Peer 1: 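For reference, the structure I am asking about is given below.
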Amino acid sequence: GRLDQEKIDFIERINKNKELPWWNWDQEGAYFDTMMMMLELYKKTFGDCDVPKVGSKEFEKKVNTIIGDLYGEYFVDSESKPNKGKLHPRQCITPRLECLSRFVFETRAMIVSGKAGRGSSSYIGRKENVKKIIDLGLTLQPNEDRWEKMFLKLIDYKKKHGHCLVKSSEDKELATWVSIQRHGKNMTDQRKIKLDGIGFSWNPDEDVWLRNYANLMLFKSKHGHTSPTKKEDETLHRWVWSIRKGDIKITPEKRALLDAIKFSWKTETIVCPETGKLKSAAKEEIWDFRFNELKKFYEAHGHSNVMDK
């Protein structure tokens with residue numbers, strides 16, 4: 001029902017002293033004030049004002065985070081209710097966050113389109129409201145801001161690891177973002193220049209091959225052959241044998257590079273002196289095995305004149 005004058009005067013009096021900071025006689029103003037209060041709480045929780053789109057995976061993650069913070073992690077996956085007869089936390093949180101999400105998307109669209117702050121009857125038609133939202137930290141281009149954030153994260157990864165080949169096991173979010181960049185989704189010339197500037201890997205398989213080849217060159221210069229053992233370098237050992245077995249496709253250009261360092265392509269089956277089992281070995285490994293056998297024979301017999309039995 002309608003309020004009588006006495007009640008109206010009472011509300012005006014206490015509101016003047018800001019005892020009811022959320023009170024607003026204007027319906028549009030009341031909606032804006034309520035949304036701003038919710039947005040401030042959202043920012044305190046997540047550190048930004050970029051409320052995700054309703055129905056997205058990110059939206060569900062935010063709902064779960066809020067439920068966990070307010071009610072405990074148990075209620076994130078459980079259908080139980082905190083109190084008998086009351087709603088489940090998800091039924092309370094989801095509609096409110098949906099409302100806030102729509103508010104953020106509508107507000108951002110109006111500001112970007114230039115319709116905001118033009119004196120219309122809408123809450124966002126008022127310049128002071130536009131300023132409040134911008135001052136709170138609403139990003140007008142969230143996708144661009146997120147791209148820059150992930151780009152800086154990739155720079156930190158590159159400084160730490162020396163390359164941009166991010167694995168999901170290391171950082172799933174960054175690895176997914178890197179994969180999206182390689183496929184050229186929403187790629188602009190400016191973004192490509194930035195990625196090229198930090199040595200971004202557009203073809204990870206090719207980059208891995210060249211990096212292993214460079215390591216094999218260093219190994220060859222140090223040891224004089226191209227057959228590293230697992231003990232010496234397990235990664236390089238597996239790569240070399242993948243080439244010999246044909247698991248890695250070798251182009252004529254790559255074959256020429258390997259031939260240039262006298263890569264050992266051929267293998268022979270021998271009895272491993274350590275295990276007594278048959279194994280495939282390159283000629284460099286065979287020489288090492290035979291030398292070790294000769295060394296053991298010399299230590300046992302005092303000479304190296306091995307006779308055929």
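The shown structure was predicted, so the numbers you read here are calculated from the model rather than taken from an experiment.
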Peer 1: Where is the tightest heavy-atom contact between Thr94 and Phe59, given as atom of each residue plus distance?
Peer 2: O-CZ, 4.0 Å

Peer 1: Answer yes or no: is there a side-chain heavy-atom contact under 4.5 Å between Leu136 and Leu138?
Peer 2: no

Peer 1: For the hydrophobic clusters of this structure (ILVMFWY residues joined by side-chain heavy atoms under 4.5 Å, transitively), does one cluster hold both Val54 and Met38?
Peer 2: yes

Peer 1: Distance only, no hydrogens: is a donor on one side chain within 3.5 Å (strictly under) of an acceptor on the other, for Arg90 and Asn64?
Peer 2: yes

Peer 1: Identify whether the distance between the nearest side-chain nitrogen and carboxylate oxygen of Lys295 and Glu299 falls below 4.0 Å.
Peer 2: no

Peer 1: In Å and rounded to the nearest 0.5 Å, what is the CG to NZ distance from Leu210 to Lys254?
Peer 2: 7.0 Å

Peer 1: With rounding to the nearest 0.5 angstrom, report the CD1 to CD1 distance, Ile243 to Ile248.
Peer 2: 5.0 Å

Peer 1: Roughly how far, to the nearest 0.5 Å, is CE of Met150 from CD1 of Ile180?
Peer 2: 9.0 Å

Peer 1: Salt bridge between Lys160 and Asp156, side-chain N to carboxylate O under 4.0 Å?
Peer 2: no

Peer 1: Looking only at non-hydrogen atoms, find the nearest pair between Lys230 and His237 and report the distance.
Peer 2: CG-CD2, 3.4 Å

Peer 1: NZ/Lys62 to OG/Ser101 distance, rounded to the nearest 0.5 angstrom?
Peer 2: 11.5 Å

Peer 1: Less than 4.0 Å between a side-chain N and a carboxylate O, is that true for Glu232 and Lys222?
Peer 2: no

Peer 1: CE/Met187 to CG/Asp189 distance, rounded to the nearest 0.5 angstrom?
Peer 2: 10.0 Å

Peer 1: Please say yes or no: joined through hydrophobic side-chain contacts below 4.5 Å, possibly via intermediate residues, are Leu218 and Val208 part of one cluster?
Peer 2: no

Peer 1: Closest heavy-atom contact between Arg108 and Asp50?
Peer 2: NH2-OD1, 3.4 Å

Peer 1: Are the side chains of Gln181 and Lys192 in contact, using a 4.5 Å heavy-atom criterion?
Peer 2: no

Peer 1: Can you tell if the side chain of Ile250 reaches within under 4.5 Å of the side chain of Trp209, non-hydrogen atoms only?
Peer 2: yes

Peer 1: What I'd like to find out is whether the side chain of Thr65 reaches to under 4.5 Å of the side chain of Ile67, using heavy atoms alone.
Peer 2: no

Peer 1: Checking side-chain contact (heavy atoms from CB on, under 4.5 Å) for the pair Ser56/Glu60: CA distance, chi angles, key distance, verdict?
Peer 2: CA-CA 7 Å; Ser56 66; Glu60 293 303 320; over 6 Å; no

Peer 1: Quickly, which of Ile133, Asn129, Leu39 forms a side chain to side chain contact (heavy atoms under 4.5 Å, CB included) with Thr107? Name it, please.
Peer 2: Ile133

Peer 1: How about Phe46 and Val51: do any of their side-chain heavy atoms sit closer than 4.5 Å?
Peer 2: no

Peer 1: How close do Pro228 and Leu216 get, counting heavy atoms only, and between which atoms?
Peer 2: CD-CD1, 4.2 Å

Peer 1: Looking at Glu58 and Lys53, is any side-chain nitrogen of the basic one under 4.0 Å from a carboxylate oxygen of the acidic one?
Peer 2: no

Peer 1: Following the transitive rule for hydrophobic clusters with a side-chain heavy-atom cut-off under 4.5 Å over Ile, Leu, Val, Met, Phe, Trp and Tyr, establish whether Phe105 and Met110 coincide in one cluster.
Peer 2: no

Peer 1: Quick one: does Lys153's side chain get under 4.5 Å of Trp177's, heavy atoms only?
Peer 2: no

Peer 1: Of all heavy-atom pairs between Phe200 and Leu154, which one has the smallest distance, and what is that distance?
Peer 2: CD1-CD2, 3.7 Å

Peer 1: Give a yes or no answer on whether the side chain of His163 reaches the backbone of Leu165 with a donor-acceptor pair at less than 3.5 Å.
Peer 2: yes

Peer 1: Within the 4.5 Å heavy-atom criterion, are His225 and Ser264 side-chain neighbours or not?
Peer 2: no

Peer 1: Can you tell me how far OG of Ser168 sits from CG of Leu174, rounded to the nearest 0.5 angstrom?
Peer 2: 10.0 Å

Peer 1: Would Glu144 and Arg191 pass as an ion pair if we require N to O under 4.0 Å?
Peer 2: yes

Peer 1: Of all heavy-atom pairs between Ile198 and Cys164, which one has the smallest distance, and what is that distance?
Peer 2: O-SG, 4.1 Å

Peer 1: Any chance you could lay out the side-chain contact (heavy atoms from CB on, under 4.5 Å) test for Arg244 and Ser227, step after step, and finish with the verdict?
Peer 2: CA-CA 11 Å; Arg244 287 176 180 148; Ser227 295; 2.8 Å; yes

Peer 1: Begin from the C-alpha positions of Glu128 and Lys131 and carry the test side-chain contact (heavy atoms from CB on, under 4.5 Å) through to its verdict.
Peer 2: CA-CA 5 Å; Glu128 62 273 18; Lys131 186 177 185 305; 5.6 Å; no

Peer 1: Hydrophobic clustering (ILVMFWY, side-chain heavy atoms < 4.5 Å, transitive) - are Leu152 and Val166 grouped together?
Peer 2: yes

Peer 1: Flag the pair Lys132 and Glu40 as a salt bridge only when some basic side-chain nitrogen lies within less than 4.0 angstrom of an acidic carboxylate oxygen.
Peer 2: no

Peer 1: I'd like to know if Glu173 and Arg146 make a salt bridge, using a cut-off of under 4.0 Å between side-chain N and carboxylate O.
Peer 2: yes

Peer 1: Determine, step by step, whether Trp202 and Leu195 satisfy the side-chain contact (heavy atoms from CB on, under 4.5 Å) criterion, reporting the C-alpha distance in whole Å, the side-chain angles of both residues, the deciding distance to 0.1 Å, and the verdict.
Peer 2: CA-CA 9 Å; Trp202 296 100; Leu195 290 169; 3.7 Å; yes

Peer 1: Parallel, tilted or perpendicular: which fits the ring planes of Phe263 and Trp265, with parallel below 30° and perpendicular above 60°?
Peer 2: perpendicular

Peer 1: Report, as yes or no, whether the 6.0 Å neighbourhood of atom CG on Asp69 holds more than 12 heavy atoms from other residues, nucleotides or ligands.
Peer 2: yes

Peer 1: Any donor-acceptor pair under 3.5 Å linking the side chain of Asn203 with the backbone of Glu206?
Peer 2: yes

Peer 1: Does Leu257 share a hydrophobic cluster with Trp239, counting links as ILVMFWY side-chain heavy atoms below 4.5 Å and allowing steps through other members?
Peer 2: yes

